[in-house]
Amino acid sequence: MPSQTASALLDNTPPEDVPPAARGMSPQVRMRLQQLAAFAGLVIITIFFAVAGDNFFTYDNLVNNVLLSSVLIGVLALGTTFVIVTGGIDLSIGWGIALTGMCAGTFLITWDLPLGLGLLLTLLVGLVIGLVNGFNVSILGMPPFIATLAMMLVCQGLPLVISAGGATIYTNTQFPPYADLSGGELIPNFPNAVLIFLALAVIAWILLNRTVFGRYAVSIGSNEEATALSGINVRTWKLVIYGVAGVFTACAGILSSARIGASPTAGGGMELQAIAAVVIGGTSLAGGKGTIIGSVIGALIIGVLNNGLQIMGVPQEWQYVILGVVILAAVYVDMLRKRSAEVV
C-alpha cells in the first residue's frame, strides 16, 4: 500500500483510499484558487496604498522601488519554495546573501577574476551552502530548523571574516559590468534585476511543474516514508533540493552586491520575509504542495507593504510589527488550509 500511495503522488492522481469527496476538487484547482486569492490580496493592498499614499502609484515608484525591493525577497522565495515543499525550512538564506555577495566582491575586486569566472564561483559557494544544509538534514538526520539555523550563524560570521572587520566592497562602483547585472537597463527604464528575477521564476516554475525534480520534491513532502518505499532515494533528492535552494540564494547575493555593493550585513532578516512570501503565495509549511507563481505574488505583496508603509511615513518599528502580523496571518491561513484538507 505505501508504494501504491507514492506512485499515486508521483502521477498526480489520488490513491484509491482517498474519499470521493476529496476528489471533487483537484489539487490543481485548489492551487489556482489560492493563487487567485493571493493575487486579489495584492490588488487590494496596491489600491489601498495608491489611495492613501502620495506618489505610490507612479511608474518610477512601482518599478524602481516596489519591484526592485521585491527582487531579493522573490529570488530567495523561489529557492526556499522547493525546500518548504519537502516539509523542510531554510533559515540560512538571508545571511547567505551576505556571504555569497562578499564572496562575489572578493572574487571580482580583490582577486581581480573575470566576470564569468567570478559569477560561477559565487554560484558554487551558494551550492556548497545548500549542500551542507542538505547533508545535515538528509544524511545526518538533523531537524531542518536546527541545521539551517547553524548555517545561518556561519553565513553571518564568515562575511565579517572575509571583509576583515565589516568593510563593504563596492562592487557596484568598482566593477561597472557587474553593476549592470542589477542596475543596468536592457529594456529602457526597466532594471535588469527585475528581468533576471522573472527569468529565474520561469526556471523555478519549470523545475517544480515539469521535471522529475519537482515531482519528487512534492512526493517527499506529501509522504516521505511512502516515497522511500517506492524506491526513490529520498536522501539524495533532499541533498539536491537544498543545493538548488543554495544556488538561488547565490543569485540573490549577486543581485544584491551588484546593486549596493558587497556588504557583510546584507540580507540579514530577509529569510523571514522570503518564507512569509512563500506561505502567503499558497505553499504549505507542512509540505507536499507548492506554487512558484504564488511565491512571486507573495514577494510582490511584501514589497508593496514595505514600500507603501514607508511612503505613508509609518515608523520603522511599526513596519516590523505589521510585517510580523502579516506573517502570523499567513501561517494561520496555512493551518486552516491544512485542517480543511484533512476534513475533506
Donor-acceptor contact below 3.5 Å, side chain [X] vs main chain [Y]:
X	Y	result
Tyr242	Val137	no
Asn61	Phe57	no
Ser256	Ala252	no
Thr86	Ala217	no
Gln319	Val314	yes
Thr148	Leu91	yes
Thr80	Leu76	no

State yes or no: do [X] and [Y] share one hydrophobic cluster built from I, L, V, M, F, W and Y residues joined by side-chain heavy-atom distances below 4.5 Å, directly or via other members?
X	Y	value
Val161	Val128	no
Phe39	Ile44	no
Ile162	Leu121	yes
Ile206	Val218	yes
Tyr320	Leu272	no

In Å and rounded to the nearest 0.5 Å, what is the [atom1] to [atom2] distance from [X] to [Y]?
X	Y	atom1	atom2	answer
Ile254	Thr122	CD1	OG1	5.0 Å
Asn306	Ile322	CG	CD1	10.0 Å
Thr100	Ile93	OG1	CD1	11.5 Å
Leu113	Leu108	CG	CG	7.0 Å
Met152	Leu149	CE	CG	4.5 Å
Phe135	Arg235	CZ	CZ	9.5 Å

Taking side chain as C-beta onward, heavy atoms only, is [X] less than 4.5 Å from [Y]?
X	Y	value
Leu67	Leu62	no
Ile302	Leu323	yes
Phe56	Thr46	yes
Ser257	Asn172	no
Ile220	Val85	no
Val202	Leu198	no

| query | So Asp90 and Ile275, side-chain contact (heavy atoms from CB on, under 4.5 Å) or not? Walk me through it. | reply | CA-CA 9 Å; Asp90 190 350; Ile275 293 171; over 6 Å; no
Quick one: closest heavy-atom pair of [X] and [Y], and the distance?
X	Y	answer
Val125	Cys103	CG1-SG, 4.0 Å
Pro191	Val63	CD-CG1, 3.4 Å
Gly288	Ser222	CA-OG, 3.3 Å
Arg259	Ser182	CB-OG, 3.3 Å
Val278	Ala77	CG2-O, 3.4 Å
Leu200	Cys251	CD1-CB, 3.9 Å

| Do Leu123 and Leu127 pass the side-chain contact (heavy atoms from CB on, under 4.5 Å) test, and can you show the C-alpha distance, the side-chain angles, and the key distance before you say yes or no? | CA-CA 6 Å; Leu123 293 176; Leu127 177 62; over 6 Å; no
| Derivation of the side-chain contact (heavy atoms from CB on, under 4.5 Å) call for Leu181 and Leu119 | CA-CA 11 Å; Leu181 289 174; Leu119 293 175; 3.9 Å; yes
Ignoring hydrogens and angles, state whether a donor on the side chain of [X] or [Y] is under 3.5 Å from an acceptor on the partner side chain.
X	Y	result
Asn65	Gln310	no
Asn307	Ser69	no
Ser219	Thr227	yes

| request: Would you list the pairs meeting ring pair (Phe, Tyr, Trp, His ring centres under 6.0 Å) in which at least one residue belongs to residues 168-213, sequence neighbours left out? | output: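 Output for this query lists Phe82-Phe213.
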| What residue pairs, at least two apart or across chains, pass salt bridge (Lys or Arg N to Asp or Glu O under 4.0 Å) with a residue in residues 109-137? |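 Output for this query is empty, none listed.
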| said: Between Phe49 and Ile311, does the side-chain contact (heavy atoms from CB on, under 4.5 Å) criterion hold? Intermediate values first, please. | reply: CA-CA 9 Å; Phe49 286 123; Ile311 288 180; over 6 Å; no
